[in-house]
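Working notes for the structure below.
What you see is a predicted model; the values in this text were computed from it and never measured. Values below: every heavy atom of this structure, side chains too, minus hydrogens, waters and symmetry copies.
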Amino acid sequence: MKSSLLNITATLSLIAIALAASPRSAAQADRSRARDPASSSRLDITRGVLIASIYAEERSLRHYAGQTLWNTEGAGLGTLRDFIVHPGSNRIRYAVVSSGGLLGRIGNSLRLVPFEVMQHDAENDRLVVDILHARWLQIPPVRDEDYVADRFPMNPTLHQELAQRFGSGGSSSTASAPRSASPGPSEFDGLVRASEIRGKTVSTPDFTVGRIENIILDLNQGVAAALVDASRGLIGTTAKYLIPLQRLAIANSRQDPITTSLTRADFDRAQPSDYGLQNSSAKIERAENETPAPTGRTQASTPARDAMTESARAVRQALDNNSSLARENIQVVPENGKIILHGSVRSQRSKDDIEEAARRAARNGEVESRITVER
């Protein structure tokens with residue numbers, strides 16, 4: 001008996017030593033979150049109103065728009081233009097991909113990709129599908145008038161036929177399929193382009209909440225939320241919030257403002273979100289030692305950083321206020337003392353107009369354009 005107890009003690013000691021000697025890793029951060037239900041919930045952008053972290057923008061529509069959609073053989077199929085969402089379920093339903101076309105016309109170049117057939121290559125932060133290029137070109141494009149009007153005449157049968165054009169994927173060890181189930185019959189009603197929600201005002205019968213600055217995408221869960229820049233009249237600060245699309249009454253993509261049943265109490269109870277933080281091992285390492293700073297509340301600032309942030313916001317506002325420029329998916333990022341413009345556009349004219357508008361709005365800030373023109 002004594003010998004058995006000694007053996008058990010020795011075994012436990014060896015396990016403890018091994019755990020103590022193991023390096024800090026992303027897995028440790030994940031286990032830490034698992035022990036903290038509140039922290040785990042902050043990674044789910046559909047559980048309720050959350051105070052957005054400063055990293056949320058790194059998983060936004062503007063971040064992914066302009067990136068290349070790849071097949072599992074490493075060939076580029078086209079450029080991610082937009083995502084189509086179903087607000088009633090918070091789900092991302094399709095990616096909109098541009099792959100050329102006659103004279104750049106929308107209907108001749110845009111194709112829909114069911115989100116459940118896509119894989120997220122987390123290591124390279126890109127989306128991948130299992131389809132040969134020749135088969136890709138056989139997918140019928142979206143008609144001009146349907147795309148502009150947000151008419152997507154899909155039903156379970158058509159959706160299944162489209163999804164079956166793609167393989168099961170899984171050839172990349174770093175890619176994982178987004179966890180988005182095939183839509184039910186009711187989820188083909190109310191589909192809207194994510195870009196059309198961006199820029200709208202959110203309000204209740206009693207007060208204005210703020211403006212939808214971006215659409216945040218969780219590519220692993222296949223869900224989306226609105227990043228709302230709250231008005232000072234709501235909480236007396238410039239904090240930004242993640243609001244599940246399901247909590248917004250989006251009847252169609254043209255309505256503005258968008259109404260919500262949320263109350264001041266919902267925002268008062270909002271907890272800081274670390275969504276976006278877990279996507280980088282370096283950030284995870286830092287997260288184990290510090291609480292993520294919610295945007296606009298406890299974030300450290302300097303005069304230079306504040307000036308760059310304000311300049312970037314001025315550029316973003318200038319682009320969003322121009323109806324023709326707002327349709328282009330351009331990301332505005334303050335970086336190393338400059339305002340960087342990312343994304344792709346359909347014409348040189350659009351590129352020139354965006355760059356000119358950005359330089360005017362940035363005032364004394366230096367603007368560097370990394371915008372490409374689709375061919």
Are F207 and V49 co-members of a hydrophobic cluster defined by side-chain heavy atoms under 4.5 Å apart?
-> yes
Which atom names give the shortest non-hydrogen contact between R254 and A149, and what distance separates them?
-> NH2-CA, 3.6 Å
Rounded distance (nearest 0.5 Å) linking atom CD1 of I216 with atom CG of L227 = 4.5 Å
Option passing side-chain contact (heavy atoms from CB on, under 4.5 Å) with N214 (candidates H63, K240, R62) | R62
Name of the residue among I139, T72, D130, N71 meeting side-chain contact (heavy atoms from CB on, under 4.5 Å) with F166 = I139
If you measure only the distance, is there a donor-acceptor pair under 3.5 Å linking the side chains of D266 and T263?
-> yes
May I ask whether V97 and L137 are part of the same hydrophobic cluster, defined by side-chain heavy atoms of I, L, V, M, F, W, Y residues being less than 4.5 angstrom apart, directly or through others?
-> yes
Applying the side-chain contact (heavy atoms from CB on, under 4.5 Å) test to L262, which of I243, V228, V202 qualifies?
-> I243
Treating Ile, Leu, Val, Met, Phe, Trp and Tyr as nodes and any side-chain heavy-atom pair under 4.5 angstrom as an edge, say whether I340 and I354 lie in one connected cluster.
-> no
P140 versus R111, closest heavy-atom pair with distance = O-CG, 4.3 Å
So, do E73 and H133 sit near enough that their side-chain heavy atoms are less than 4.5 Å apart?
-> no
Can you run down the ring-ring contact (aromatic ring centres under 6.0 Å, His included) pairs that involve residues 69-98, sequence neighbours left out, and say none if there aren't any?
-> Y94-H159
Under the side-chain contact (heavy atoms from CB on, under 4.5 Å) criterion, do V332 and L341 qualify, and how do the steps go?
-> CA-CA 5 Å; V332 181; L341 305 178; 4.0 Å; yes
Just by distance, do the side chain of S98 and the backbone of T79 share a donor-acceptor pair under 3.5 Å?
-> no
State whether the number of non-hydrogen atoms from other residues, nucleotides or ligands found under 6.0 Å of R349 atom CZ is greater than 12.
-> no
Does the side-chain contact (heavy atoms from CB on, under 4.5 Å) test come out yes or no for R264 and D206, once each step is laid out?
-> CA-CA 10 Å; R264 292 181 188 273; D206 301 318; 6.0 Å; no
Correct closest heavy-atom pair for S350 and V345 would be CB-CB, 4.1 Å
Can you hop from V113 to L162 via hydrophobic side chains spaced under 4.5 Å?
-> yes
CG of L219 to CG of L127: how many Å apart, nearest 0.5 Å?
-> 5.0 Å
Heavy-atom pair with the smallest gap, counting every atom of G190 and P87 | O-CD, 3.4 Å
Do the non-hydrogen side-chain atoms of L50 and Y241 ever get within less than 4.5 Å of each other?
-> no
Note, P156 side chain near F188 side chain (heavy atom, < 4.5 Å) | yes
The reported gap from CZ in R135 to CZ in R165 (rounded to nearest 0.5 angstrom) is 6.0 Å
Would a 4.5 Å heavy-atom cut-off, applied to side chains only, mark D82 and L61 as touching?
-> yes
Would you find a donor on one side and an acceptor on the other, under 3.5 Å apart, between the side chain of T46 and the backbone of P244?
-> no
Out of curiosity, does L158 fall in the hydrophobic cluster containing V129 (side-chain heavy atoms, cut-off under 4.5 Å, transitive links)?
-> yes
Check whether any side-chain heavy atom of E145 lies under 4.5 Å from a side-chain heavy atom of R151, and answer yes or no.
-> yes
Here the gap from N90 atom CG to D44 atom CG, rounded to the nearest 0.5 Å, amounts to 9.0 Å
Gap between atom CZ of R211 and atom NZ of K200 - 0.5 Å precision | 11.5 Å
Side-chain heavy atoms of L77 within contact of I131, under 4.5 Å = yes
Which heavy atom of I215 sits nearest a heavy atom of A194, and at what distance?
-> CG1-O, 3.5 Å
Look at R126 together with D121 and state whether they make a salt bridge at an N to O cut-off of under 4.0 Å.
-> yes
Over all heavy atoms of both residues, which pair between V367 and A362 is shortest? Give the atoms and the distance, please.
-> CG2-CB, 3.7 Å
Tell me whether the guanidinium CZ or amine NZ of R193 lies under 6.0 angstrom from the six-membered ring centre of Y147 and within 45° of its axis.
-> yes
Between CE of M154 and CG of L191, what distance do you get to the nearest 0.5 Å?
-> 9.0 Å
In sequence, state the C-alpha distance, the side-chain angles, and the governing distance for L217 and R59, and then conclude on side-chain contact (heavy atoms from CB on, under 4.5 Å).
-> CA-CA 6 Å; L217 307 168; R59 292 294 176 267; 5.8 Å; no
Going through the checks in order, is the side-chain contact (heavy atoms from CB on, under 4.5 Å) test met by I339 and R359?
-> CA-CA 9 Å; I339 303 299; R359 291 189 176 99; over 6 Å; no
